[in-house]
Amino acid sequence: GIGHRVVHGGDKYTDSVVVTDKVIEDIIRFSDYAPLHNPAHAVCIKAFKEVLPNTPMTVVFDTAFHQTMSKDRYLYATPYEWYEKYQVRKYGAHGTSHRYVSKKVSEELGRDDLKIIVCHLGNGSSITAVKDGKCVDTSMGFTPLAGVVMGTRSGDIDVSLVPYVMEKEGKSVGEILEILNKKSGFLGISQLSSDSRDIEDAIKEGNEQAALAQKMFVNSVVKYISQYYVEMGGCDVLAFTAGIGENSISTREEIVEQLACLGIKLDLEANNVRGELTRISSSDSNTLVYLVPTNEELMIAMDTLALIK
Ligand code: AMP
């Protein structure tokens, strides 16, 4: 079998599916939401179909896991007709990773009835609240530009600054969006790099812009964790994953330090780890904290196997 990761499945696909002509048609139809990715996915699927016509194929949508959000969580408070006419709503992203990590935590603890906050912190970052194995809320929005501060993406902003800067700089909407997606976040604030390793090195050398970028990133992650803590009525497990979440010892420490008022505490010795499934909370922490390496490829392979069987 062949499993394809597809960025956007709109509000139609709540799970992975076997590829049919209709599925390919839908992937093309949802290109409006992911113009860089969905058309390329369709080309790729068709190419595989031509070369290996007898091999079953599946698609695993990155939006599917978030389809369990309730309407009061996924809607924006914009005119309701925008949702009815154009499906303007929050879709979220990184769903395959959030599903894998929350599933792994459940397996590890042998329990399905858990409230888990998954922090996928990489070049792109998103936070998801998962209750009883289902996504309750997530930080990315209509597109992956929303949510926390990222490598090159701004995360949440007041949209009014778009026309303001357009006028000041004589730029088009497209140009401003490009800057918000590719020249903001760590890169925009540090004026140095989008890579958290460079930011960490620069902080050690006393670079104040790098320290500011890191602080803004940590603040934004803490904001979502605390929001989801209340939204779910508590949290059993806080899980860190992806490039920064799995590897940056200091970032995990800075984030959890700010959660002390919720009784969440790290075991600093246990936290001195990279890329291994590890419990890193202290024995007196109210919430378990885990480092869980993500594995989207395995999730896609498992879905594919289950579907083609
Ligand atoms: P991802 O998008 O999941 O591949 O994550 C990329 C991000 O992870 C980049 O900002 C990297 O700097 C960061 N990262 C990878 N390895 C490390 C490390 N050893 N220490 C700190 N950050 C790391």
Side-chain angles (χ1 to χ4, degrees), residues 7 62-63 65-66 69 73-74 76 90-98 101-102 116-130 135-159 161 177 179-190 192-200 203 209-232 235 237-259 262 264 287 289-292 294:
V7 166
D62 236 18
T63 45
F65 184 60
H66 303 305
M69 280 189 287
R73 302 259 188 245
Y74 71 64
Y76 293 108
K90 182 153 94 170
Y91 289 101
H94 292 145
T96 313
S97 173
H98 288 291
V101 171
S102 51
I116 308 171
I117 298 175
V118 181
C119 302
H120 177 110
L121 309 178
N123 189 36
S125 295
S126 62
I127 320 289
T128 294
V130 182
C135 169
V136 171
D137 210 343
T138 193
S139 62
M140 281 180 167
F142 181 63
T143 71
L145 177 57
V148 302
V149 171
M150 302 178 224
T152 59
R153 281 172 249 168
S154 63
D156 298 334
I157 55 158
D158 178 348
V159 291
L161 67 77
L177 268 180
I179 294 170
L180 292 172
N181 271 299
K182 301 207 171 136
K183 299 206 167 124
S184 301
F186 274 140
L187 178 63
I189 297 294
S190 71
L192 181 78
S193 171
S194 63
D195 193 304
S196 83
R197 283 165 291 198
D198 297 335
I199 301 292
E200 285 184 18
I203 293 172
Q209 287 304 120
L212 179 62
Q214 173 70 8
K215 189 80 180 78
M216 288 172 72
F217 169 63
V218 168
N219 287 349
S220 67
V221 173
V222 168
K223 200 150 86 173
Y224 272 100
I225 294 173
S226 44
Q227 180 186 328
Y228 293 163
Y229 188 98
V230 173
E231 239 173 73
M232 289 198 291
C235 172
V237 184
L238 176 65
F240 288 99
T241 196
I244 300 173
E246 292 171 32
N247 294 297
S248 177
I249 294 161
S250 55
T251 299
R252 290 195 302 262
E253 199 177 317
E254 287 162 34
I255 292 168
V256 179
E257 218 165 59
Q258 288 200 50
L259 301 170
L262 298 175
I264 308 179
T287 296
V289 186
Y290 270 88
L291 187 173
V292 183
T294 195

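Note that the coordinates shown come from a computational prediction; the quantities given were computed from them, not determined experimentally.
Interatomic distance, NZ of K182 versus OG of S194, reported as 12.5 Å (0.5 Å rounding). Between the CD1 atom of I116 and the CG atom of L238 there is a distance of 10.5 Å, given to the nearest 0.5 Å. A distance of 10.5 Å separates CG of D156 from CE of M140, quoted to the nearest 0.5 Å. A distance of 7.5 Å separates OG of S220 from CD1 of I127, quoted to the nearest 0.5 Å. In this structure, L262 CG and I225 CD1 are separated by 9.5 Å, a value rounded to the nearest 0.5 Å. For the atom pair E253 CD and E257 CD, the distance stands at 6.0 Å (nearest 0.5 Å).
Checking side-chain atoms of Y74 against main-chain N and O of H66 turns up no donor-acceptor pair under 3.5 Å. Between the side chain of T63 and the main chain of Y91, no donor-acceptor pair closer than 3.5 Å is present. For the pair Y228 (side chain) and T138 (backbone), a donor-acceptor distance under 3.5 Å is present.
Residues I117 and M232 are in side-chain contact: their nearest non-hydrogen atoms beyond the backbone lie under 4.5 Å apart. T241 has its side chain within reach of S97: a pair of non-hydrogen atoms, C-beta onward, lies under 4.5 Å apart.
Evaluation of the salt bridge (charged side-chain N to carboxylate O under 4.0 Å, His left out) test over residues 135-144, restricted to residues two or more places apart or in two chains, returns K90-D137.
When only modelled atom types and interatomic distance are considered, K215 and N219 share a side-chain donor-acceptor pair under 3.5 Å. Residues Q214 and S196 have side chains that never bring a donor and an acceptor to within less than 3.5 angstrom of each other. In summary, the side chains of S126 and H98 do present a donor paired with an acceptor at a separation below 3.5 Å, with no hydrogens or angles considered.
Scored by the salt bridge (charged side-chain N to carboxylate O under 4.0 Å, His left out) test, E246 finds no partners at all (sequence neighbours excluded). Residues that satisfy the ring-ring contact (aromatic ring centres under 6.0 Å, His included) test with F240, not counting sequence neighbours, are absent from this structure. Residues that satisfy the ring-ring contact (aromatic ring centres under 6.0 Å, His included) test with Y76, not counting sequence neighbours, are absent from this structure. Remark: F186 pairs with F217 by the ring-ring contact (aromatic ring centres under 6.0 Å, His included) rule, at least two apart or across chains.
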Throw together a table of side-chain donor-acceptor distances under 3.5 angstrom for residues 142-154, partners on residues two or more places apart or in other chains.
{"from": "T143", "atom 1": "OG1", "to": "L145", "atom 2": "N", "distance (Å)": "3.3"}
{"from": "T152", "atom 1": "OG1", "to": "N181", "atom 2": "O", "distance (Å)": "2.8"}
{"from": "R153", "atom 1": "NH1", "to": "P144", "atom 2": "O", "distance (Å)": "2.9"}

Can Q258 and V221 be said to form a side chain to side chain contact (heavy atoms under 4.5 Å, CB included), step by step?
CA-CA 10 Å; Q258 288 200 50; V221 173; over 6 Å; no
Given side chain to side chain contact (heavy atoms under 4.5 Å, CB included), test V101 with H120 step by step and report yes or no.
CA-CA 9 Å; V101 171; H120 177 110; over 6 Å; no
Side chain to side chain contact (heavy atoms under 4.5 Å, CB included), that's the test. Do T251 and E200 meet it? Break it down for me.
CA-CA 9 Å; T251 299; E200 285 184 18; 3.8 Å; yes
Check step by step if side chain to side chain contact (heavy atoms under 4.5 Å, CB included) holds for Q209 and L192.
CA-CA 8 Å; Q209 287 304 120; L192 181 78; over 6 Å; no
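Shown here for T128 and C135, the closest heavy-atom pair between the two residues is CG2-SG, 3.8 Å. Taking every heavy atom of both residues into account, V218 and E254 meet most closely at CG2-OE1, 3.5 Å. Residue V292 comes nearest to A239 through the heavy atom pair CG2-CB, 4.3 Å, listed as atom of the first residue, atom of the second, then distance. For S193 against D198, the heavy-atom pair with the smallest separation is OG-OD2, 2.6 Å. Here the closest heavy-atom approach between residue G122 and residue A242 is recorded as N-CB, 4.0 Å. Taking all atoms of both residues into account, the shortest heavy-atom contact from S102 to F65 is OG-CZ, 3.8 Å.
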